[in-house]
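Below: one structure, written as structure tokens.
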Amino acid sequence: LSSCKKTDDSVINIGEVAALTGGTATFGQSSHNGTQMAVDEINAAGGLLGKQIKLHTEDDQSKQGEAGIVAKKLISRSKISALLGEVASGRSLEMAPIAQAAGVPMISPASTNPKVTEAGDYVFRVCFIDPFQGTVMSKFALSKGWKKVAILTDSKQDYSVGLTEFFKKHFAANGGTIVGEQSYGSGDKDFKAQLTAIKGGAPDAIFASGYYNEVALIAVQARELGVSAPLLGGDGWDSPSLIEVGGDAMEGCYFSNHFSNEDQAPAIQDFVKKYEAKHGAKPDAMAALGYDSAKILFDAIKRANSVDGPALRDAIAATKEYEGITGKITLDSQRNATKPAVILTIKDGKVVYTETIAP
Amino acid sequence: MEQFFQQLLNGLFQGSIYALIALGYTMVYGVLRFINFAHGDVFMLGAFTAFGLHKWLGPTFAAIPWPVSLALTLLISMVVCAVLGMVVERLAYRPLRNRPRLNVLITAIGVSLFIEYTGQLAFGATQRPFPELIPRTAIANTGGLTISIAQVVVLATTVLLLVGLRFIVMKTKMGLAMRALSLNPTASTLMGVNNGVVISFTFGLGSALAAAGGILYASLYPSIEPFMGVQPGLKAFVAAVLGGIGNIPGAALGGLIIGITETLVKGYSQNVGIPSGYSEGVAFVILILILVFKPSGLLGKVEREKV
Amino acid sequence: MLEVKDLHVSYGAIKALHGVSLKVPQGSIVTLIGANGAGKSTTLRALSGLIKSTGSIVYGGKEIRGLPPHKIVSRSLCHVPEGRMVFANLTVKENLAMGAYLQKDKAWIAKQTEYVFHLFPRLKERENQAAGTMSGGEQQMLAIGRALLGNPKFLMLDEPSLGIAPLLVKAIFERIVEINREQGLTILLVEQNANLALDVSNYGYVLETGSILLEGPSAELKANPRVQEAYLGA
Amino acid sequence: MKRYSAQIALIVALAISLGVSLVSDNIDAYYLDIALNVGINIILAVSLNLVNGHTGQFSLGHAAFMAVGAYGASIFTLEASQQLIPMLGGPSAFATGTAFLIALVIGGLCAAICGWLVGMPSLRLRGDYLAIVTLGFNEIVRVILQNTSGDGPFGGPLGLKGIPPHSSFFWVFALAAICVYVVASMVNSTYGRGFLAVRDDEVAAGSMGINTVRYKVTAFVTGSFFAGLAGGLYAHLRTTISPEGFNFLKSFDIVVIVILGGMGSTAGVVLAAILLTVLNEFLRDAEEYRMIVFSLLLIIMMIVRPQGLLPSLPFLNRKKKSA
Amino acid sequence: MSSGLELKDVTIRFGGLKAVGDLSFGVGQGELVGLIGPNGAGKTTVFNLITGVYTPTAGQIHFEGISVPGKKPHEITRMGIARTFQNIRLFSSLSVLDNVRAAMMTHLKRGILHSLTRGPVFQKEEAAIEAEALELLDIFGLADARDKNAKDMNYGDQRRLEIVRALATKPKLLLLDEPAAGMNPSEKDDLMNLIRFIKERYNLAVLLVEHDMKVVMGICERIAVIEYGCKIAEGTPKQIQCDPKVIEAYLGVAAE
Ligand SMILES: Nc1ncnc2c1ncn2[C@@H]1O[C@H](COP(=O)(O)OP(=O)(O)OP(=O)(O)O)[C@@H](O)[C@H]1O
Ligand SMILES: Nc1ncnc2c1ncn2[C@@H]1O[C@H](COP(=O)(O)OP(=O)(O)OP(=O)(O)O)[C@@H](O)[C@H]1O
Ligand SMILES: [Mg+2]
Ligand SMILES: [Mg+2]
């Protein structure tokens with residue numbers, strides 16, 4: 001019954017779980033592209049510990065339940081030494097206990113819910129977490145002198161719900177007023193009702209904590225209804241299609257992100273160019289995070305000089321000031337990345353960097 | 001008060017787009033007695049056809065007045081989707097003609113998945129901006145109320161299609177054959193009806209309507225992606241059942257009711273402390289309430305069976 | 001007019017007809033009698049293309065076996081099926097309009113509709129009632145009337161007297177003969193009321209478990225003691 | 001002895017479940033996971049088959065009852081098990097097992113109660129109307145769960161996490177065997193012919209003395225109960241659950257198994273649950289073509305074998321009891 | 001209180017149409033009564049009223065002294081009234097035997113939980129029911145077809161199965177709606193004998209709707225004639241045959 005499949009010792013097996021199809025495929029595909037790029041680069045450079053890296057990618061179809069199964073599959077069939085993924089917190093939460101129980105280190109590129117890394121000492125992430133990002137945007141709004149903010153949350157996404165929660169907490173505690181709180185579900189297209197209600201509160205800005213798919217339409221409809229307040233949001237906005245769809249309506253809106261692909265730092269521009277050459281589009285944050293998660297793993301393997309579970313775990317946990325595309329990454333005792341956030345704004349149809357807010 | 005009227009308008013337009021999609025849904029159901037779960041996906045294909053057309057002929061279209069280019073886009077996409085619908089019917093549904101309806105339903109789910117995932121492969125998962133077929137400018141801004149041209153076009157199209165469809169189904173020979181076929185296909189073929197042709201026609205018409213719906217929908221909400229048809233498809237289905245499935249004016253009424261209530265709940269629920277996210281369930285709550293009291297839908301005939 | 005040779009039909013594994021051959025000459029009334037399950041309805045279904053068969057069916061000099069039903073109807077071969085099959089949610093009027101589906105001549109349709117109403121006044125009374133809510137006998141009238149609107153040259157009737165009150169049965173059979181004489185309509189009649197069927201027809205076939213057992217001019221069959229015992233209820 | 005073959009089959013199935021469970025640590029975790037999925041899908045499909053296949057009521061909302069069971073059982077485990085286990089004599093296998101069984105039954109009962117509440121008013125609807133109402137109920141359950149607070153007992157859109165992985169081979173397959181036994185026994189009796197009669201002709205069934213409402217509700221509540229059990233097992237297998245996982249597409253998945261297996265054929269549905277779950281794993285290698293291949297297979301299957309894998313053959317229904 | 005069935009001034013309307021109007025008549029214990037009338041006279045509707053498919057707009061219906069209207073069809077069946085359908089309504093996907101078994105469910109002493117035990121008591125009960133069902137089928141010559149699907153039977157056999165299925169509910173009153181339709185004259189003769197036989201054997205009252213006068217006149221003890229929902233005559237077959245009103249409305253001049 002038990003498997004006798006011979007493992008290939010000449011390579012290092014790394015697993016990746018991503019939503020390549022289904023509802024959130026656009027995030028999964030980006031992070032996968034980033035990860036794959038990192039793997040290709042390291043292999044081209046001769047691999048690690050004298051071996052090539054073999055990336056085993058499994059699609060979870062954006063479905064609950066699937067992530068857990070494929071995590072098990074990767075661990076027990078592909079004999080992976082480490083696990084990368086998932087973008088969505090819900091699915092990372094499914095994988096985390098499995099990785100923890102099997103003693104396989106797992107790094108999530110972009111799951112921002114605080115609970116993800118609570119699964120145990122084998123579970124890490126390279127992105128900042130919701131409380132930080134929510135606080136950052138609240139600070140930013142206050143710094144702009146916006147005291148009255150309305151909130152629009154995607155109640156289907158724990159990510160959006162989390163951001164809203166932490167934004168609200170900080171904003172209200174620091175003298176701001178929430179003048180309207182509305183929600184919708186991802187996939188919705190019509191937000192006129194919520195926006196009409198929000199309009200009544202005459203907000204200085206609207207915090208739209210959801211993903212870019214809906215935010216672009218929210219902006220368009222807000223302008224149609226004559227609401228001119230700027231929209232604020234988180235890293236979920238990051239995608240070229242935000243501006244493609246939102247167009248002029250996005251002008252003057254702000255969001256926080258892990259990195260800016262406009263950033264002129266050579267490492268970043270190098271990454272952007274390579275990515276663009278390969279995929280025909282500029283990388284978004286998911287791609288950058290996918291790339292960073294793989295690179296941090298490789299860095300740890302090199303330092304540990306082993307792919308042994310405990311050794312690798314300790315090496316990852318020791319990651320300090322790692323120069324990633326998405327900033328200088330240090331993993332704290334909670335295995336979360338502490339790193340700065342950048343605030344970006346949309347100007348003349350382009351995403352431009354405004355400022356960096358440190359943790 | 002002004003806000004309330006704006007919400008009513010929002011609801012009316014939202015409802016009219018549901019109604020538009022529901023019309024095609026209910027017509028296909030009325031004739032073939034099966035829930036065409038793939039309707040929403042043909043709807044998506046309609047939008048993508050228009051998208052492709054504009055990528056290809058963009059400059060040409062930009063040179064002619066928008067009503068003309070809109071009409072052309074609609075026409076071409078509707079024809080493309082009608083042909084597609086007929087091909088799907090031919091390949092997937094026709095072999096199941098005399099089979100239990102549940103089989104056809106599963107096939108429809110299969111067709112729906114097939115279109116969605118092939119779409120995702122072909123078009124990519126990321127949403128794309130839909131060209132501005134109808135100027136996105138507001139035509140009225142009086143008294144704080146806003147109405148856009150696109151909204152008016154959608155409402156007008158819905159009314160037009162409602163009248164046109166009802167005429168086809170109730171007044172033409174083809175319509176009579178469609179209704180007869182839905183009741184007893186054996187008997188209708190004994191009357192000389194070529195069932196295959198009628199079914200193809202129905203499918204073609206339904207798909208054309210779906211395509212039109214997709215294009216207008218995308219004009220209102222200008223982002224398209226391969227799964228864009230799932231939610232409107234579901235809402236249209238609910239609207240069709242609410243109005244009495246198979247009943248054309250019923251579908252329109254159902255669409256309006258859902259649109260308006262949904263909007264009002266979204267707009268005002270927060271005032272009583274209920275997150276507006278619950279509005280997603282509103283369509284279903286109305287549906288269940290109405291069906292409990294009127295089991296055959298609002299305008300559906302009580303099919304009292306003679307024993 | 002119609003010649004059937006060696007007709008075989010099976011429902012899945014069950015063989016229902018084993019080589020039925022029969023002839024219906026132009027202008028005649030031919031009847032097909034037999035016990036329950038003999039295959040009478042099956043024969044008619046095969047003739048109108050509703051089920052697959054093997055053998056040969058030649059109508060007006062042309063082979064029609066294998067054609068789809070609507071093609072067969074378009075050659076003026078109409079079939080009043082067993083179980084009536086009226087369109088339950090359509091009104092009586094709409095049902096009749098469906099009968100005239102292939103007819104182009106509006107004036108003729110109007111005239112023929114009047115004729116059907118004349119045959120069955122009840123239909124006129126109920127022209128806007130949904131057919132499905134009509135009584136059994138009313139539906140039978142509608143089924144016959146509907147077939148007449150197809151302007152048939154060859155009419156197949158499957159138990160037209162089923163569920164019809166005695167007075168009306170007589171009337172219907174009189175009409176059948178009348179239409180046959182006046183309009184030269186050829187009729188193939190399947191009937192359990194064998195007495196009556198043999199009275200109105202010129203020629204008869206007796207079907208038993210899928211094969212023709214006996215045939216002959218109707219009067220002869222009626223006199224045949226075997227027929228009398230088995231089918232006429234001596 | 002042949003008359004008692006059903007009971008014997010049940011006992012054998014239970015024994016095998018226990019036996020395999022004892023050595024399950026030696027089974028590859030991934031294969032074990034697939035096996036458990038098969039078992040859970042068997043429960044879901046066989047119970048839905050009682051409603052859709054045998055009784056002819058078209059429910060498209062099975063995942064909702066699964067959700068109710070999953071949340072019910074998980075909340076019980078997360079909130080009450082800690083108190084309960086000491087009362088049962090400390091953390092022994094017996095105590096955790098009993099606590100788990102109680103959690104599952106509570107999940108099942110919650111689902112059954114929901115089934116009754118939904119069934120009573122809606123089962124007089126026919127065909128597609130019932131389908132849409134059950135689908136609607138499915139969506140309502142999802143929306144409600146999703147809009148709860150993240151700190152509350154339901155966990156909002158993120159759902160519940162950290163559910164202990166209690167769903168062992170034994171529990172899953174013992175309950176699958178019991179489910180198959182119960183459904184098959186219910187249907188294969190004179191009393192049970194009533195379900196089929198209701199499916200074929202409600203008016204005639206009423207006129208033959210069959211209380212059609214009672215039968216429909218019985219089928220619906222029983223079906224919901226088992227869906228709830230399956231939900232509990234699912235939650236304690238995956239260890240996390242979220243509302244989105246129980247959306248109407250999940251219900252479709254179950255309906256597909258039922259129809260592919262053959263409406264009203266318990267053996268066929270069991271077979272389909274196995275084949276589809278395994279097929280799903282094989283198709284992983286097709287990557288982004290996976291769902292395309294799957295949907296094509298579905299369409300082709302409906303065309304070449306519309307009656308399902310094993311159409312309802314009475315002798316199969318009568319004999320095959322083990323999962 | 002009289003035993004048997006009693007209709008008093010029963011009326012039902014469908015929209016503007018009065019399908020049955022102020023109809024009164026009865027069927028005594030063990031009686032065999034015919035109900036005849038032209039097409040659309042309301043005969044089937046009367047059956048539907050008695051069996052709870054329709055509820056009368058006005059009037060009373062009693063069976064063995066108990067009021068019927070408002071009761072559900074299955075409750076009425078349990079009171080001892082069974083029927084056949086003019087448009088055959090068998091459980092089409094069930095086997096012949098299972099059609100009968102389904103109808104016998106009414107007499108089970110134990111419910112669904114009992115079937116889960118599958119113990120000796122259950123097995124015995126199942127065997128007894130099967131034997132009883134087969135006996136009934138045998139009377140109508142259908143025992144050999146026990147495993148056939150009901151929908152695959154020919155019309156005549158389906159009619160017979162309808163009667164068997166109704167009998168399986170162990171009624172005191174059996175309502176037959178055109179049982180001889182679709183049978184040839186000699187089959188009708190057999191059917192007449194069968195009806196007489198089961199009436200004696202199971203001590204039944206029978207209400208028979210039929211258009212074949214040979215059958216009606218041959219077996220009925222008493223006949224009621226309705227037209228447009230109203231009773232126009234009632235009496236023995238002899239009286240009815242000679243009643244000018246009946247001849248004009250229904251029989252035609254020379255009723256054989
Ligand atoms: N759909 C079917 N599937 C299987 N067998 C069938 C089907 N229809 C009819 N049969 C069988 O075929 C044989 C011939 O049936 P058919 O209906 O032609 O008889 P019939 O002579 O018209 O009888 P009746 O007088 O009862 O109408 C019968 O044995 C019947 O059981
Ligand atoms: N549900 C209904 N809705 C409308 N009209 C109905 C309904 N049921 C019956 N009727 C009408 O009531 C009248 C009586 O019908 P019923 O079926 O009782 O006649 P019947 O005496 O059984 O006739 P037959 O001998 O032809 O079967 C008919 O004219 C019929 O059209
Ligand atoms: Mg016949
Ligand atoms: Mg009648």
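Chain naming here is simple, since letters A, B, ... match the order of the sequence lines and numbering starts at 1 in each.
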So which part of [X] gets closer than 4.5 Å to some heavy atom of chain D, the side chain, the backbone, both or neither?
X: A:Lys63; result: side chain
X: A:Ser89; result: both
X: A:Asn113; result: side chain

Can you check whether anything in residues 245-253 of chain D gets within less than 4.5 Å of chain A, heavy-atom wise, and list it by number? D:Gly245, D:Phe246, D:Asp253
Give, for atom OG1 of D:Thr239 and atom CG of A:Leu93, the distance between the pair rounded to the nearest 0.5 Å. 8.5 Å
Please report the interatomic distance CD(D:Glu288) to CD(A:Gln61), rounded to the nearest 0.5 Å. 12.0 Å
Partners meeting salt bridge (Lys or Arg N to Asp or Glu O under 4.0 Å) with A:Asp40 (sequence neighbours left out): A:Lys278
Do A:Glu118 and D:Lys161 meet the salt-bridge criterion of a basic N to acidic O distance under 4.0 Å? yes
Check ion pair D:Arg284-A:Glu66 (N to O, under 4.0 angstrom): yes
Does A:Lys115 form a side-chain contact (heavy atoms from CB on, under 4.5 Å) with D:Leu158? I'd like the steps, not just the answer. CA-CA 10 Å; A:Lys115 288 180 183 154; D:Leu158 195 59; 4.0 Å; yes
May I ask you to check whether D:Gln146 and A:Ser155 show a side-chain donor-acceptor distance below 3.5 Å? no
Are more than 12 heavy atoms, taken from residues, nucleotides or ligands other than D:Phe170, located less than 6.0 Å from that residue's CZ atom? yes
Give a yes or no on whether the backbone of D:Thr240 and the side-chain of A:Glu94 come within a donor-acceptor separation of less than 3.5 Å. no
For A:Gly65 and D:Tyr234, work out which heavy atoms get closest and say how close. CA-OH, 3.3 Å
Structural part of D:Ser242 lying under 4.5 Å from a heavy atom of chain A: both
Chain A heavy atoms under 4.5 Å from D:Ile241: which part of the residue, side chain, backbone, both or neither? both
Within the structure provided, determine whether [X] and [Y] are in side-chain contact (heavy-atom separation under 4.5 Å).
X: A:Thr21; Y: D:Arg290; answer: no
X: A:Ile69; Y: D:Arg238; answer: yes
X: A:Lys72; Y: D:Tyr31; answer: no

